[in-house]
There are 2 protein chains.
Amino acid sequence: MKSAAKAVQAEEPAETGAQQIRDAIREAIVERRLSPGTKLSESDVGNLFKVSRTLARAALQALSYEGLVSVEKNRGAFVAYPSPEEARQIFAARRLVEPGILREAAARITPADIRQLKQLLLEEGRLMSERGQTARRAEIKASGDFHLMLAEISGNAIMQRFMEELVARSSLVIALYGQSTASSCGHSEHGDIISAIESNDLDRACQLMLHHIAHIETDLDLRERKSLGLKEAFEL
Amino acid sequence: MKSAAKAVQAEEPAETGAQQIRDAIREAIVERRLSPGTKLSESDVGNLFKVSRTLARAALQALSYEGLVSVEKNRGAFVAYPSPEEARQIFAARRLVEPGILREAAARITPADIRQLKQLLLEEGRLMSERGQTARRAEIKASGDFHLMLAEISGNAIMQRFMEELVARSSLVIALYGQSTASSCGHSEHGDIISAIESNDLDRACQLMLHHIAHIETDLDLRERKSLGLKEAFEL
DNA sequence: GGCGATGAAATTGTATACGATCTTTTGCAT
DNA sequence: ATGCAAAAGATCGTATACAATTTCATCGCC
């Protein structure tokens, strides 16, 4: 899955220790095992992974560059709690870049890619029918992977990395503001997009992609929640 | 200039120590006082800024996330030396996102913004006519700031940050592969884009932007240079 | 009883120390 | 003189230690 990125530059792991921790925490955030706002103290993270605070700190810093955790000076790191405005910007960014990525991907796509894409779709569908937390988490991941795979196919490692950030942050937004308990991502829409690509109807594919993103956004309740933990919470 | 970003989220400095060093080094790289490939040892950076290796290391790590320095395991950090392929991807990414940013910016632009944009243009022109390293560096910065200001006007902090990364990395690419000793960025083209925005001709503005980016790319010599420091260098 | 000040505990910010890896130099043998 | 090998030097990777800041609980005062 990372082959495209490696082809561009000999991107050596460099700091494998912190890298592993970073990836583990990121996965936990994206799969929503860690809720927004959860405190991630350096000591706790270090103890959990059996490393010193130095590495824990480096991992948390790295995650803050991706926007998945916010570190506040002298207060510590927390799983990011994106504001409604930030959520809007994340999806605006996706609407801005994903059609372009789709076009680039379509120009380079191979039959093998399409097969893999359909494979992913199948897996996604299978997980959707299952029940249980584990299946739900895997489904979340699979639905994101669809968008990520398109970015990979596009062959642009920079856009790919950007999309990884956007998809991860989207997961946080959905965890916070998503309403429908059902699947977060319209599954059938992914299939429609593939079909449009196959029939070489790029304009339609882009249109579908925009609708798809808008559809996800529609499911959010982005009203400002001002904590309301004072009196309002009790005066209904 | 960072007002838009701060308005979105209370993005506290968090780690002001490493932050300052990071910004200083980034500025040096973008203004081309540091050449691609230059070694940035943790000790040297630490001594230079009178801090411990810990902070120097954190700053270098941060810069590596932005793609401005590459850290190689057990070997150290170097000012990034983008490959031709990476250079292509950077400009492909800019072609992909800048028209979109331009459209968003045009939708929200105020007369005050336009005034500021023209002010920047004027400054850019003034610097272009001057000679000397200092003026050249300021010109490089100003020409990048034009694109950055559009991103700021667009009101999307995420796209703004991404553009900051792309512009910075573009500077590295131009330093490496740029041919014309003259101004790196077609100055008049910036003015044309503003004019198109003013006359509300968005399609033309986007077209001009694409041409502008392509124009910068044309000035690059992206042929693979395989060091050729062996015999070829002497057998002419 | 509520409210503000003071001090202890916890947590982060930064520096230093030590072990591991890579680079360079030196010395020996061919 | 050349080439390889071993050791010295430099640099990075990680852990630990101490200082600074924040948080929280306790105590006194109103």
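Quick note on labels: first sequence line is chain A, next is B, and so on, each numbered from 1.
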When you compare the side chain of E31(B) with that of I140(B), does any pair of heavy atoms fall below 4.5 Å?
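The answer is no, as the side chains (C-beta and beyond) never meet within the 4.5 Å cut-off.
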Specify the separation, in whole Å, of atom [atom1] of [X] and atom [atom2] of [N].
{"X": "R53(A)", "N": "dA15(D)", "atom1": "CZ", "atom2": "C1'", "answer": "11 Å"}
{"X": "K73(A)", "N": "dA19(D)", "atom1": "NZ", "atom2": "C1'", "answer": "14 Å"}
{"X": "L55(A)", "N": "dA20(C)", "atom1": "CG", "atom2": "C1'", "answer": "14 Å"}
{"X": "K50(A)", "N": "dT14(D)", "atom1": "NZ", "atom2": "P", "answer": "18 Å"}
{"X": "K39(A)", "N": "dT12(C)", "atom1": "NZ", "atom2": "C1'", "answer": "8 Å"}
{"X": "R57(B)", "N": "dT16(C)", "atom1": "CZ", "atom2": "C1'", "answer": "15 Å"}
{"X": "E42(B)", "N": "dT16(C)", "atom1": "CD", "atom2": "C1'", "answer": "14 Å"}
{"X": "I21(A)", "N": "dA15(D)", "atom1": "CD1", "atom2": "C1'", "answer": "13 Å"}

If you assign each of G76(B) and V51(A) to its closest nucleotide in DNA chain D, which residue comes earlier from the 5' end?
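Result of the comparison: G76(B).
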Distance (rounded to the nearest 0.5 Å) between R169(A) CZ and L172(A) CG
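Going from the CZ atom of R169(A) to the CG atom of L172(A) covers 8.5 Å.
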So what does S41(A) hit on the nucleic acid, given a heavy-atom distance under 4.0 Å: a base, only sugar-phosphate, or nothing?
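The answer is sugar-phosphate, as S41(A) gets under 4.0 Å only of primed atoms, P, OP1 or OP2.
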Side chain of N74(A): nearest nucleotide among dT21(C), dG13(C), dT14(C)?
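Nearest nucleotide to the side chain: dG13(C).
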Looking at R75(A) and dG13(C), is any side-chain donor or acceptor paired with a base atom of the opposite kind under 3.5 Å?
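By the distance-only test, no, there is no pair.
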Indicate the ring-plane relationship of H212(A) and H190(A), choosing parallel, tilted or perpendicular according to the 30° and 60° boundaries.
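If you compare the ring of H212(A) with that of H190(A), the planes turn out perpendicular.
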Would you say the side-chain atoms of E42(A) pair up with the backbone N or O of R53(A), donor to acceptor, closer than 3.5 Å?
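Here the side-chain-to-backbone pair does not exist.
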